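Reviewing the structure listed below.
Residue numbers start from 1 in every chain, and the chains themselves are labelled A, B, ... in the order their sequence lines are given, proteins ahead of strands. Computed from a prediction, not measured in an experiment: that's the story for all the values here.
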Amino acid sequence: MEHEKAEAAAGQLLEAVGREAFAYAWQLLRHREDALDAVQAAMVATWRHRNRLRAERNSRGWFYRVLRNQCLDRLRARAAHPAAALDTDLADRAAREPIDDVVGHESIERLRLAFETLPDPMREILLLRDFHDLAYAEIAEALEVPVGTVMSRLHRARALLRERLLANE
Amino acid sequence: MPSCESIQARLSAHLDQELTQQEHQRIDVHLRECPTCRALYDDLARQRACIKKLPFPQPSDQEWRILMTKMGIQGPRALGWLLWIGGAVVLAGYALFEFATDPGIDAVQRVTVLAVLLGMVLVFLTVFGERLAGLKHDKYKDIEK
Ligand SMILES: [Zn+2]
């Protein structure tokens with residue numbers, strides 16, 4: 001019975017989070033195949049961990065932490081053996097999938113350019129909060145930092161993003 | 001009235017609903033009275049809504065199907081192999097025992113057939129050993145469903 005509950009909980013988590021989490025892995029790795037590979041490895045690890053998963057304070061934060069470590073492993077391996085060309089930024093994607101309304105597109109395009117200029121840790125935390133909708137406690141779990149750090153880093157990231165947007169006006 | 005500086009440091013956390021109720025109220029009161037902080041708050045809220053719409057890549061349906069297949073298929077397949085090999089070994093052992101103890105078969109015939117079978121088993125075991133060694137390097141081998 002406990003076993004079935006654990007399986008159901010892990011299955012739900014993977015269904016809800018797995019596919020969406022690809023964007024995060026891609027943001028860290030900038031490479032589609034590597035990102036897919038990292039997501040798969042994180043899902044496998046979560047499945048193996050399923051019997052203990054419900055004891056975790058927040059399983060979604062736990063999943064992102066596992067995924068992040070998978071990505072960092074791949075970045076380290078890449079540093080040792082530089083190989084494939086990376087996807088440069090969101091530009092290709094934006095060009096392929098134009099956003100319908102013109103006004104929205106213009107402001108999102110400006111934001112995209114400013115977002116790309118942010119330091120990695122700031123892009124990462126903004127993505128986790130604003131795109132993936134993680135709570136501070138979940139982000140703290142994912143990044144292995146205190147909640148206070150999440151709060152102050154987000155504050156600085158948003159302030160810097162705004163500065164860059166205003167500078168480009 | 002609290003300083004604008006102390007309010008502005010909290011606006012980001014206010015947007016995320018991550019402050020205590022008391023702090024939320026304190027900031028709401030200030031925002032009603034201070035156009036400067038209000039403008040900054042609205043800016044940050046717009047910015048936040050836009051990030052949600054950034055065109056981050058998603059896996060294609062096909063990429064996702066392949067990944068899910070890789071995740072799910074290995075458990076049932078491993079169990080299938082185990083049942084198949086286990087059953088075959090028991091069956092072969094039983095047949096061999098019957099053959100070796102059947103008094104109606106002469107000794108030369110018996111030794112020849114057993115030699116052929118032993119050779120087959122040895123070949124099978126070495127091939128199987130190689131497969132097993134290969135499997136050890138597959139990090140997803142023991143995912144079960
Ligand atoms: Zn103010």
Side-chain angles (χ1 to χ4, degrees), chain A residues 7 11 14 18-20 22-24 26-27 32-33 35-37 39-41 43-45 47-48 87 90-99 104-105 107-112 114-115 126-127 129-133 135-137 147 150-159 161-162 165-166, chain B residues 4-20 23-24 27 36-37 39-76 78 137-145:
Chain A
E7 288 205 348
L14 293 181
R19 186 166 181 170
E20 188 190 277
F22 175 80
Y24 177 63
W26 182 86
Q27 177 65 48
R32 282 191 82 85
E33 283 91 281
L36 264 178
D37 190 49
V39 168
Q40 185 187 332
M43 289 174 74
V44 168
W47 186 253
R48 282 188 197 150
D87 311 345
L90 299 174
D92 302 346
R93 173 85 184 175
R96 275 204 312 276
E97 289 174 27
I99 295 154
H105 184 265
S107 61
I108 285 166
E109 176 63 12
R110 277 182 49 233
L111 182 86
R112 180 185 71 72
F115 184 81
L126 281 171
L127 188 77
R129 174 52 242 166
D130 292 341
F131 188 77
H132 293 302
D133 252 331
Y136 284 12
V147 171
V150 172
M151 193 179 284
S152 59
R153 193 181 294 173
L154 264 171
H155 168 72
R156 279 185 283 118
R158 283 169 171 155
L161 181 59
R162 182 165 174 275
L165 274 168
L166 291 175
Chain B
C4 289
E5 208 176 317
S6 78
I7 294 293
Q8 288 175 7
R10 294 266 184 221
L11 289 182
S12 161
H14 184 282
L15 271 176
D16 294 328
Q17 313 252 307
E18 293 272 359
L19 297 172
T20 63
E23 279 180 300
H24 273 289
I27 288 168
T36 312
C37 289
L40 176 60
Y41 185 77
D42 291 344
D43 250 19
L44 291 176
R46 255 195 309 277
Q47 190 176 294
R48 187 170 176 273
C50 276
I51 292 179
K52 189 86 200 164
K53 293 185 194 154
L54 282 180
F56 290 108
Q58 291 292 315
S60 68
D61 286 344
Q62 197 198 358
E63 281 172 323
W64 195 249
R65 226 180 3 254
I66 291 170
L67 185 147
M68 291 312 275
T69 311
K70 276 195 218 159
M71 292 242 349
I73 206 162
Q74 316 220 359
H137 299 292
D138 177 0
K139 54 194 158 173
Y140 307 123
K141 64 171 196 304
D142 58 352
I143 179 165
E144 70 276 55
K145 184 105 196 191

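- Between Met68(B) and Met43(A), some side-chain heavy-atom pair lies under the 4.5 Å cut-off.
- For the options Ser152(A), Gly18(A), Ala35(A), Ala159(A), heavy-atom pairs under 4.5 Å to chain B are most numerous at Gly18(A).
- Looking at Gln17(B), there are no atoms closer than 4.5 Å to chain A (heavy atoms on both sides), in backbone or side chain.
- Comment: Asp130(A) engages Arg48(B) in a salt bridge, judged by a side-chain N to carboxylate O separation of less than 4.0 angstrom.
- Residue Leu36(A) holds its CG atom at 7.5 Å from OG of Ser60(B), rounded to the nearest 0.5 Å.
- Residues Leu161(A) and Ile51(B) meet the side-chain proximity criterion, which asks for heavy atoms closer than 4.5 Å.
- Residues passing the side-chain contact (heavy atoms from CB on, under 4.5 Å) test with Arg162(A), sequence neighbours excluded: Leu166(A), Leu40(B), Asp43(B), Leu44(B), Gln47(B).
- To the nearest 0.5 Å, the span separating CG on Leu54(B) from CD on Gln27(A) amounts to 9.5 Å.
- Looking at Leu154(A) and Glu18(B), their side chains never come closer than 4.5 Å, going by heavy atoms from C-beta outward.
- Distance check: Tyr136(A) OH to Leu19(B) CG gives 7.5 Å after rounding to the nearest 0.5 Å.
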- Message: Using the rule given for side chain to side chain contact (heavy atoms under 4.5 Å, CB included), can you reason through Gln8(B) versus His155(A), listing the C-alpha separation, both sets of side-chain angles and the distance that settles it, and then say yes or no?
- Response: CA-CA 9 Å; Gln8(B) 288 175 7; His155(A) 168 72; 5.5 Å; no
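- Between Arg19(A) and Pro59(B), some side-chain heavy-atom pair lies under the 4.5 Å cut-off.
- At a 4.5 Å heavy-atom cutoff, Ala114(A) makes no contact with chain B through either its backbone or its side chain.
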- Any chance you could lay out the side chain to side chain contact (heavy atoms under 4.5 Å, CB included) test for Phe22(A) and Leu67(B), step after step, and finish with the verdict? CA-CA 12 Å; Phe22(A) 175 80; Leu67(B) 185 147; over 6 Å; no
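- Going from atom CZ of Arg156(A) over to atom OG of Ser12(B) covers 11.0 Å, rounded to the nearest 0.5 Å.
- In this structure, the portion of Arg129(A) lying under 4.5 Å from any heavy atom of chain B is its side chain and not its backbone.
- Applying the ring-ring contact (aromatic ring centres under 6.0 Å, His included) test to Phe131(A) and every residue at least two apart in sequence or in another chain returns Phe56(B).
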